[in-house]
2 protein chains.
Amino acid sequence: MTTSKKTSSPEQTPLEEAYPTTVEGLVLEERLGYALRRAQLKVFKHFDEAMREHDIRPAQFSSLVVIEGYPGVTQSNLAQTLSIDPPRVVSLINSLEERGLALRVRCKRDRRSHGIFLTKTGEALVDRLKGLAEQSDLEATQSLSEIERRQLLTLLRKVYASEESDD
Amino acid sequence: MTTSKKTSSPEQTPLEEAYPTTVEGLVLEERLGYALRRAQLKVFKHFDEAMREHDIRPAQFSSLVVIEGYPGVTQSNLAQTLSIDPPRVVSLINSLEERGLALRVRCKRDRRSHGIFLTKTGEALVDRLKGLAEQSDLEATQSLSEIERRQLLTLLRKVYASEESDD
DNA sequence: TATTGTTATACTCTATAACTATA
DNA sequence: TATAGTTATAGAGTATAACAATA
């Protein structure tokens, strides 16, 4: 039902010149998914710039923060917490361990598990990064007032935290 | 300053059991970028399900909507409008053209440009998809009231539409 | 048998550079 | 020379299946 039905070729000559550049007035403007994506791209772009000096990716930052908050967290816990798949955690922790920011400690009680801890270097770095990340968020959302920024955060949490069935 | 400084190994045995699963209380909860990412993933997941029957990706949907709103839009205009790179537009339009949903028409005035139009099939499909997308957004944000949903949309637009310098 | 972590793999998305054909 | 579109390519990010060690 979707292929090779090629109908209606437009007789108009295209390009009346001076086209879009914005999506104003289109249905896209009403699409939550589209707005989320665009806003996320903008905020992540600022984040990338802020972290470039330290060569830290978003997922690495998130991992560092979680490990800091829950020292000894296992890889499966981390996967669950961040809603990512176990194989991703492996390379994530590998990268942090190679850089001396975190380390795996085999759990004595259940020798299948690894507790993950920050090194002193990791602790120092994550402290610095948290400040940079906050500053980056502020810069990326300069068009919002402080009240609006908090509103946005609250609404977003409400969206992603609700578990109807999935996620 | 970032590598091979491995300090401080934790003496504690890891895993006090009963760990996270949520990021509550962590700095992550305060990170706009993180909240945006999580919310976007959730909304996109619903979108994927809604579009699976029609095998339409988010970028394809956005393209169809823009072409519908601006018949004869050029590929470079589309790239600008959606904030994507020209090479992506090529494969995007290829996929739509192969399926008989859109077609390129060489512009007479400037034969380097292609105006893009929807076919009748494309027009019919995009009409159907817009309904599905709206329904999908509603389902993904069931935890929000209608007022909150509009607030969220307004705030997101305010974030991504503001052009300080980049984007 | 089930679970933790791992390897391998593949597919999508995205970004860049270099090419062509027109202007 | 500059622009529209294209090709090729490579790097992230993401998802899946299969495996080893441990329980």
Side-chain angles (χ1 to χ4, degrees), chain A residues 14-15 17 19 33 37-38 40-42 44-45 47-49 51-52 55-63 72-97 102-116 166-167, chain B residues 14-15 17 19 33-34 37-38 40-42 44-45 47-49 51-52 55-63 72-98 102-116 166-167:
Chain A
L15 259 199
E17 222 59 63
Y19 260 114
R37 179 67 178 149
R38 290 292 296 264
Q40 190 236 306
L41 283 177
K42 174 156 193 167
F44 268 49
K45 193 172 170 180
F47 182 83
D48 278 351
E49 278 166 29
M51 296 292 147
R52 182 171 313 148
D55 193 27
I56 287 287
R57 307 294 314 153
Q60 292 176 317
F61 174 78
S62 302
S63 301
V73 63
T74 64
Q75 296 185 198
S76 49
N77 278 332
L78 192 57
Q80 262 194 291
T81 304
L82 295 177
S83 263
I84 61 182
D85 299 303
R88 280 200 66 199
V89 177
V90 175
S91 54
L92 222 35
I93 303 302
N94 282 347
S95 71
L96 298 180
E97 209 169 25
L103 44 87
R104 294 171 168 93
V105 177
R106 186 139 236 161
C107 178
K108 285 166 190 159
R109 288 206 313 218
D110 183 340
R111 306 201 26 266
R112 292 172 302 182
S113 302
H114 294 130
I116 313 172
D166 55 65
D167 214 61
Chain B
L15 260 199
E17 222 59 63
Y19 260 115
Y34 183 78
R37 179 67 179 149
R38 290 293 298 262
Q40 189 235 306
L41 283 176
K42 175 155 193 168
F44 268 49
K45 194 171 171 180
F47 182 84
D48 278 351
E49 278 166 30
M51 297 291 148
R52 182 171 312 147
D55 192 27
I56 287 287
R57 309 294 313 155
Q60 292 176 317
F61 174 77
S62 302
S63 301
V73 64
T74 65
Q75 296 184 202
S76 49
N77 277 331
L78 191 57
Q80 262 194 290
T81 304
L82 295 178
S83 262
I84 61 183
D85 300 303
R88 281 201 64 200
V89 178
V90 175
S91 54
L92 222 35
I93 302 302
N94 282 347
S95 71
L96 299 180
E97 210 170 24
E98 281 160 18
L103 45 87
R104 294 171 167 92
V105 177
R106 187 141 235 159
C107 179
K108 284 165 191 160
R109 288 206 314 217
D110 182 342
R111 307 200 26 264
R112 293 172 302 184
S113 301
H114 294 132
I116 313 171
D166 55 66
D167 212 59

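The figures here come from the full heavy-atom set of this structure, side chains too, leaving out hydrogens, waters and symmetry mates.
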**Study point:** Distance below 4.0 Å between A:S76 side-chain N/O and C:dG5 OP1 or OP2
**Key:** yes
Practice item. By nearest nucleotide on DNA chain D, pick out whichever of B:V89 and A:A59 is the more 5' one. Key: B:V89
Study note, to complete from the structure: Heavy atoms of B:P58 and B:F47 approach each other most closely as CA-CE2, 3.5 Å
Review point. Where the side chain of A:R57 is concerned, which of D:dA8, C:dT4, D:dG13 is the nearest nucleotide?
Key: D:dG13
Study note, to complete from the structure: For B:S63 and B:L82 the tightest heavy-atom approach is OG-CD1, 3.8 Å
**Study point:** Interatomic distance where CG belongs to B:L41 and P belongs to C:dT12 [whole Å]
**Key:** 18 Å
Check your understanding: Out of C:dT6, C:dA2, D:dG5, which nucleotide sits closest to the side chain of A:R112?
Key -> C:dA2
Review point. Is any N or O donor-acceptor pair between the side chain of B:R88 and the base of C:dT14 shorter than 3.5 Å?
Key: no
Point to revise | A:N94, A:L96, A:T74 screened by side-chain contact (heavy atoms from CB on, under 4.5 Å) with A:R104, the one that passes | key: A:N94
**Study point:** N/O donor-acceptor pair under 3.5 Å between A:Q75 side chain and A:H114 backbone
**Key:** no
Review point. Between A:N77 (CG) and C:dT4 (P), how many Å, whole number?
Key: 9 Å
Exercise for review: Ignoring backbone atoms, test whether B:R37 places a side-chain nitrogen or oxygen under 4.0 Å from the OP1 or OP2 oxygen of D:dG13.
Suggested key: no
Study note, to complete from the structure: Taking C:dC13, C:dT6, D:dT6 as options, the one with an atom nearest any side-chain atom of A:V90 is C:dT6
**Study point:** Under 4.0 angstrom between A:S113 side-chain N/O and D:dT22 OP1 or OP2
**Key:** no
**Study point:** Whole-Å distance separating the CG atom of A:L82 from the C1' atom of D:dT14
**Key:** 14 Å
Practice item. Specify the separation, in whole Å, of atom NZ of B:K108 and atom P of C:dT22. Key: 17 Å
Practice item. In whole angstrom, give the distance that lies between atom CG of B:D110 and atom C1' of C:dA21. Key: 11 Å
**Study point:** Of the listed nucleotides D:dG5, C:dT4, C:dA15, the one nearest the side chain of B:D85
**Key:** C:dA15
Practice item. In whole angstrom, give the distance that lies between atom CZ of B:R106 and atom P of D:dT6. Key: 8 Å
Revision key, fill the gap. In whole angstroms, the gap separating P of D:dA21 from CD of A:Q75 amounts to 17 Å
Revision key, fill the gap. Taking for A:R111 and for A:P58 the nucleotide of DNA chain D with the nearest heavy atom, the one nearer the 5' end belongs to A:P58
Review point. Taking C-beta and beyond as the side chain, do A:L92 and A:L78 meet within less than 4.5 Å on heavy atoms?
Key: no
Review point. What's the CZ-P distance between A:R104 and D:dA21, to the nearest Å?
Key: 17 Å
